[in-house]
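Inspection log for the structure reproduced underneath, given as structure tokens.
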Amino acid sequence: MEEYPNKQATENLDDPPNSRLFVVTSRSITEDELREGFSAFGDIQGVWVVKDKQTKESKGICYVKFAKSSQACLAMEEMHGKVLMEGTKPCKVFIAQSRSSTRHRDVEDEELTRIFVMIPKTFSEEDLKDTFKEYGDIEYCVIIKNKFTGESKGLGYVRYYKPSQAAIAIENCDKTYRAILAEPRTKATVTEDYSAGAPRGDYMGGGDSMNQYAFPMADPGNYQVMDYRSNDFTRCLMMSTRAALTQEQIFALFDIIPGMEYCELQRDAYGMSKGHALIRYSNLGSAVYAKEKLNGFEYPPGNRLVVNFVDDGDDRSSPVGRMAMQFVATQMMSAVWNGPSTSQVMKPPGFSPVSPMSRVQTDVNLPPLKKLAPPDSKTKERLFVVFSPSPLPPDVLEDVFCRFGSLIEVHLVPGRKVGYMKYADKQCADEAMAALHGRVVNGVKMKVMLADPPREESHKRPRTY
DNA sequence: CGACGGGACGC
DNA sequence: CGACGGGACGC
């Protein structure tokens, strides 16, 4: 069949676009070890470890070329923050800049998750979503319309949660849609700085005030008895993320597990936290539990957090100490997985690529799931919800807000941090509001209020039916 | 003869 | 802090 033209065409050039990874890892990692670590995600066309010209030693920088962008994106999403070889630092994984690019900035998920498509002018945003949801979870769809007449220009944007989903859509959707990655919106991109006005530096937590959350699983305090020699072993976790998270977001997330006494964002040279955060708990049990619950958790949705143990500092290079730490950690893990108090099995022993954390983590004692009201139910009450710092995904919201009964629909306002919950029964809505106002779900705080009546736009074009 | 290029967001 | 080698191109 088709022959690969030569090495230049397949490996050097970024063809197809965004199919090459830039990997920052330990200098001890070899080409074979990289190949081994990344081969599960697709067809590797080349691995190149950048070495010092004189000493021939690795500079800790590598490139991994895949046949497809979707493969590279998936590998990035799954491998960022992972420890490639026992005892080495977690790697960082980005889509490589194209070789012709002079820019020296990381390629952001922002640039990899939104596609631009050409669609029939008759398409509604619902149609657009229905067409492209088969390739991945969609954050939102927008159709470009004439500002005055409201008629579609036959162009649309689809934002996915993950780069791999956008890449799969581009690779696999019907060619008539002419799907390409959308250029990022120019100018004032809404990247609020939530750290404004916040105390700088270390967060010395440890107060009990925020630690009274109800948990569906075992109380981590149960493992406190096993916290022997805790000074010799780790209570410290390292969290890796590719999305820019703030100190406050990370703090709020890890503070869900009782016993957090320290949480420090390690900002990179550009001031964003694409690197790591260090979190310490007062006891080993809490640290094990936090790793168990938060490793693999998507926050914000689409951004998989990676949580690893890290030793307490002094003996970082000792293989013996590392082995011992690993051993204890493994024991603790199986205690968590197999222990008597763990009635509901979260996951089997071993490493699983699936998210180990249940979809909803909250300080609310939620009633069980309830069925949605039929879509054609009459709306008797709407709740207006404000999210901070960022909106929760619709499936999570449905999971949470349906539990008081009669929920018809979750509606998020695209591009805003607000949403509406439609209920067929007023009392159900009131109960949801009472239970959920001011509460935190997956690290996102919610204000839940009665919605103002919808504004009637009298001079809007009539419905099409 | 004979069939496909075009394409950008009220922050 | 973390950004780009080695190899050698048709009849």
Side-chain angles (χ1 to χ4, degrees), chain A residues 3-14 20-27 29 31 34 45-65 76 80-81 88-107 110-111 113-121 123 125 128 139-150 152-159 170 174-192 240 242 266-276 413-418:
Chain A
E3 293 280 310
Y4 291 127
N6 54 43
K7 245 183 153 186
Q8 268 76 31
T10 56
E11 183 181 336
N12 250 352
L13 305 178
D14 293 282
R20 198 174 56 127
L21 295 181
F22 172 56
V23 181
V24 182
T25 181
S26 160
R27 296 174 194 275
I29 298 293
E31 178 179 320
L34 279 159
Q45 296 176 325
V47 176
W48 170 31
V49 176
V50 179
K51 295 176 180 146
D52 184 281
K53 279 218 171 54
Q54 270 73 44
T55 68
K56 300 286 187 190
E57 281 175 34
S58 164
K59 294 160 89 169
I61 296 164
C62 318
Y63 294 91
V64 180
K65 174 70 175 75
M76 169 177 74
H80 183 86
T88 64
K89 66 176 180 183
C91 65
K92 294 188 243 179
V93 186
F94 305 94
I95 292 293
Q97 286 294 349
S98 75
R99 292 203 101 185
S100 54
S101 167
T102 61
R103 178 174 83 154
H104 207 150
R105 212 182 77 218
D106 292 339
V107 178
E110 178 83 5
E111 307 165 58
T113 48
R114 195 175 63 141
I115 65 173
F116 182 50
V117 294
M118 313 195 72
I119 47 177
K121 289 203 165 59
F123 257 37
E125 274 155 9
L128 181 58
E139 189 192 319
Y140 66 80
C141 288
V142 172
I143 285 174
I144 302 172
K145 306 192 188 87
N146 181 299
K147 288 183 264 291
F148 305 108
T149 68
S152 166
K153 292 186 181 173
L155 299 169
Y157 293 100
V158 179
R159 173 79 76 181
I170 289 170
D174 194 290
K175 295 297 169 261
T176 59
Y177 295 118
R178 310 210 146 256
I180 58 172
L181 275 183
E183 292 293 327
R185 278 188 309 200
T186 49
K187 266 208 164 154
T189 317
V190 199
T191 44
E192 280 107 310
S240 301
R242 287 183 308 105
Q266 326 225 298
R267 285 171 182 277
D268 68 15
Y270 302 99
M272 302 301 257
S273 169
K274 281 178 298 192
H276 311 292
V413 182
R416 313 297 300 264
K417 292 177 290 193
V418 302

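Note on naming: letters A, B, ... go to the chains in the order of the sequence lines (proteins, then strands), and numbering restarts at 1 for each one.
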Please name all residues satisfying side-chain contact (heavy atoms from CB on, under 4.5 Å) with A/T102, sequence neighbours left out, ordered by chain then number.
none
Once you measure the plane-to-plane angle for A/H80 and A/F94, does it fall in the parallel (<30°), tilted (30-60°) or perpendicular (>60°) bin?
perpendicular
Heavy-atom nearest nucleotide on DNA chain C taken for A/E31 and for A/F22; more 5' hit belongs to A/F22
Whichever of A/K56 and A/A96 has its nearest DNA chain C nucleotide further upstream toward 5':
A/A96
Ring-on-base stacking C/dC4 with A/W48 (under 5.5 Å, under 30°):
no
Going by an N to O cut-off under 4.0 Å, is there a salt bridge joining A/E125 and A/K145?
yes
Hey, does the side chain of A/K65 come within less than 4.0 Å of C/dC4's phosphate (OP1/OP2), counting only N and O?
no
From the options C/dC4, C/dG5, C/dA3, select the nucleotide whose nearest atom is closest to the side chain of A/K53.
C/dG5
DNA chain B: 5'-proximal contact among A/F116 and A/K147 (nearest heavy atom)
A/F116
How long is the span from the CG atom in A/L128 to the CD1 atom in A/I143, to the nearest 0.5 Å?
5.5 Å
Side-chain donor/acceptor contact of A/R178 with base of B/dC4 under 3.5 Å
no
When rounded to whole Å, the CZ to P distance for the pair A/R114 and B/dG7 reads 17 Å
Calculate the interatomic distance between A/L21 atom CG and C/dA3 atom P; express it in whole Å.
17 Å
